[in-house]
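These notes concern the structure reproduced below.
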Amino acid sequence: MTEDDFMGGLYQRFPVTIEKGVGAHVWDINGKEYIDCMGGYGVAIVGHQNKRVVNAIKEQVDKIITVHSSLYNKTREEFLKTLISLAPKGLTQVHLNNSGAEAIEAAIKFARKFTGKKGMVAMKGSYHGKSLGALSLTFNPKYKKAFEPLVEKVSFASFGDIESLRSTIDDDTAFVILEPIQGESGINVAPDGFLQEVRKLCNEKGILLIFDEIQAGLGRTGRLWACDHWNTAPDILCLAKGIAGGVPMGATLVRPDILASMSKGEHSSTFGGNPLSCAAGIATLQALTQDNLIENSEKMGKLFREGLEKLKEKHSIIREVRGKGLMIGVELKFEVKDVLMNLMKEGVLMLYSGRNILRILPPLVISKEDVAKVLETLDGVLTIEEQKNNV
């Protein structure tokens with residue numbers, strides 16, 4: 001029997017069974033090595049078996065694994081201090097949870113309670129998760145149709161179009177939520193000036209601004225926070241994926257006046273802020289800020305995009321290359337399924353966004369040698385694909 005006998009058909013599965021990982025490499029049960037450009041959908045941000053994270057987990061396991069937030073814990077306190085010291089300006093309070101979807105759900109509740117308003121505005125092309133509230137803010141109908149009716153009073157504006165946003169908000173709008181770089185819909189980067197315009201509009205209208213940096217945050221784009229590229233801070237910031245180096249964790253960072261509007265018991269999490277995740281989180285933040293991983297993300301991302309632009313000149317089937325740091329999308333002129341499978345055969349694991357976009361989210365520890373190997377492999381795979389399709 002296999003996992004499929006128990007897990008149904010909920011996941012798009014690839015025919016590889018991973019046994020081990022180190023840095024930006026993983027190995028399957030047959031010993032075959034792969035360069036990991038999937039990175040657990042962005043979770044393995046500081047690399048597989050990161051020594052800081054592994055040691056922190058081992059040390060914490062010998063102390064205690066779970067302490068509910070109704071009691072105090074020094075590991076959690078240290079994590080909170082570390083996270084807030086790095087947070088965008090004004091975000092000095094945190095709700096700790098367990099995933100990106102939970103971070104979004106908390107943000108929805110905090111914003112609606114604080115403002116007393118119900119309207120929510122997200123962006124076309126958005127993806128914020130699959131729990132009911134987060135799903136309501138996700139644009140693609142394929143995720144939502146079977147589960148309607150969802151949370152009411154959600155509207156969508158065109159990403160990058162301030163006039164579209166202006167026409168979408170109204171007097172009952174509690175918040176605007178957006179990803180500075182949209183991940184699921186194809187690595188769509190916010191146009192220069194857009195985030196600043198959104199910030200100004202929200203200030204004018206008394207609307208909260210929420211940034212979803214679940215995929216784009218934590219050094220992924222070559223800056224600690226994606227919003228730093230545009231010198232713009234939100235009122236609420238949602239984090240998850242790599243924040244604890246692979247251990248489940250989410251965090252909703254907020255202004256203190258926003259969190260103060262919540263009463264005891266209105267929102268909580270049984271596992272949120274457990275010492276094991278917090279220990280891993282401290283180690284992850286240390287790795288990002290002390291081991292030059294953010295700088296490496298910027299450098300390796302530049303190498304990747306320069307190489308991909310050269311491949312674009314060579315291969316007419318590449319329509320566009322976009323992204324920042326090590327959050328990269330390669331849009332092709334046809335579906336990428338065969339490309340992904342052939343890359344896998346050649347020892348490279350890569351993601352997709354939609355049917356025709358390759359998504360590259362490797363650990364930030366990836367080396368220039370690995371980048372060169374991925375580009376060389378992709379070049380060969382695209383050459384075969386063009387021959388097959390008579391391009």
Self-check item: Heavy-atom side-chain proximity of Lys113 to Ser263 below 4.5 angstrom
Solution: yes
Quiz item: Which side-chain hydrogen bond (donor to acceptor under 3.5 Å, both in side chains) pairs, counting each pair once, include a residue from residues 300-314, with sequence neighbours left out?
Solution: Lys314-Asp379
Exercise. Using distance alone, with no hydrogens and no angle criterion, decide if Glu184 and Ser353 have a side-chain donor and acceptor under 3.5 Å apart.
Key: no
Practice problem: Apply side chain to side chain donor-acceptor pair (under 3.5 Å) to Tyr34 and Asp28, showing your working. | Solution: CA-CA 8 Å; Tyr34 304 82; Asp28 67 20; 2.8 Å; yes
Self-check item: Salt bridge Arg199-Asp235, side-chain N to carboxylate O under 4.0 Å
Solution: yes
Quiz prompt | Min side-chain heavy-atom separation Ile181-Asn188 under 4.5 Å | solution = no
Exercise. Spell out, as yes or no, whether a donor-acceptor pair under 3.5 Å connects the side chain of Lys241 to the backbone of Tyr41.
Key: yes
Quiz item: Linking Ile, Leu, Val, Met, Phe, Trp and Tyr through side-chain heavy atoms less than 4.5 Å apart, which residues share a cluster with Val54?
Solution: none
Practice problem: List the steps and the verdict of salt bridge (Lys or Arg N to Asp or Glu O under 4.0 Å) for Glu298 and Arg223. | Solution: CA-CA 8 Å; Glu298 183 178 21; Arg223 302 281 181 92; 5.3 Å; no
Quiz item: Looking only at atom types and distance, does a side-chain atom of Asp161 sit under 3.5 Å from a main-chain N or O of Glu163, one as donor and one as acceptor?
Solution: yes
Practice problem: Quick one: list whatever passes ring-ring contact (aromatic ring centres under 6.0 Å, His included) with Phe114, sequence neighbours left out. | Solution: none
Quiz item: If you group Ile, Leu, Val, Met, Phe, Trp and Tyr whenever their side-chain heavy atoms sit less than 4.5 Å apart, what else falls in with Ile29?
Solution: none
Quiz item: Using a distance-only test with no angle check, is there a side-chain donor-acceptor pair under 3.5 angstrom linking Thr221 and His229?
Solution: yes
Quiz item: Of the non-hydrogen atoms in Glu266 and Ser261, which two are nearest, and what is the gap between them?
Solution: OE1-O, 4.3 Å
Practice problem: Check Leu285 against Phe79 and note the closest heavy-atom contact, atom names and distance. | Solution: CD1-CE1, 3.8 Å
Self-check item: Heavy-atom pair of closest approach, residues Cys238 and Ala103
Solution: SG-O, 3.5 Å
Quiz item: Quick one: does Val22's side chain get under 4.5 Å of Trp27's, heavy atoms only?
Solution: yes
Quiz item: Is the shortest distance from a Lys or Arg side-chain nitrogen in Glu331 or Arg322 to a carboxylate oxygen in the other one below 4.0 Å?
Solution: yes
Self-check item: Heavy-atom pair with the smallest gap, counting every atom of Val151 and Leu132
Solution: CG2-O, 4.2 Å
Self-check item: Lys/Arg-Asp/Glu bridge criterion (N-O < 4.0 Å) met for Lys337, Glu335
Solution: no
Quiz item: Looking at residues at least two apart in the chain, or sitting in another chain, which of them share a side-chain hydrogen bond (donor to acceptor under 3.5 Å, both in side chains) with Gln215?
Solution: Arg359
Quiz item: Quick one: do Glu385 and Lys388 make a salt bridge, cutoff under 4.0 Å?
Solution: yes
Self-check item: Residues which pass side-chain hydrogen bond (donor to acceptor under 3.5 Å, both in side chains) with Asn342, listed by chain and number, not counting sequence neighbours
Solution: none
Self-check item: Short side-chain to backbone donor-acceptor contact, Glu179 and Met123, under 3.5 Å
Solution: no
Quiz item: Any idea which heavy atoms bring Thr252 and Ala106 closest together, and the distance?
Solution: OG1-CB, 3.6 Å
Practice problem: Hey, could you give me the CD/OG distance between Gln60 and Ser277, rounded to the nearest 0.5 Å? | Solution: 10.0 Å
Quiz item: Just how far is it from atom CE of Met249 to atom CG of Leu276, taken to the nearest 0.5 Å?
Solution: 9.5 Å
Quiz item: Looking at side-chain heavy atoms only, is the closest gap between Leu137 and Phe175 below 4.5 Å?
Solution: yes
Quiz prompt | Validation row: Leu332, Ile357 side chains within 4.5 angstrom (heavy atoms) | solution = no
Quiz prompt | Main-chain N/O of Gly133 paired with Ser131 side-chain donor or acceptor, under 3.5 Å | solution = no
Self-check item: Derivation of the salt bridge (Lys or Arg N to Asp or Glu O under 4.0 Å) call for Lys117 and Asp172
Solution: CA-CA 5 Å; Lys117 301 176 181 179; Asp172 194 39; over 6 Å; no
Quiz item: Out of curiosity, Leu91 CG to Leu259 CG, how far, rounded to the nearest 0.5 Å?
Solution: 11.5 Å
Exercise. Quick one: pull up NE2 in His95 and CD in Glu102 and give me the separation to the nearest 0.5 Å.
Key: 8.0 Å
Self-check item: Test of ring centre spacing under 6.0 Å for Phe110 and His267
Solution: yes
Exercise. Say whether Ser185 and Asn140, considering side chains only, have a donor N or O and an acceptor N or O under 3.5 Å apart.
Key: no
Exercise. State plainly whether one hydrophobic cluster holds both Leu361 and Leu364, where clusters connect Ile, Leu, Val, Met, Phe, Trp and Tyr through side-chain heavy atoms under 4.5 angstrom apart.
Key: yes
Exercise. Report yes if some heavy atom in the side chain of Arg166 is under 4.5 Å from a heavy atom in the side chain of Leu201; otherwise report no.
Key: yes
Quiz item: Taking the six-membered ring for Trp, are His48 and His25 ring centroids under 6.0 Å apart?
Solution: no
Quiz item: Looking only at heavy atoms, what is the nearest atom pair of Thr75 and Ala279, with distance?
Solution: CG2-N, 3.6 Å
Exercise. Measure the spacing between CD1 of Ile214 and CD1 of Ile243 and express it to the nearest 0.5 Å.
Key: 10.0 Å
Exercise. Answer yes or no: is there an ion pair linking Arg52 with Asp291, defined by an N-O contact shorter than 4.0 Å?
Key: yes
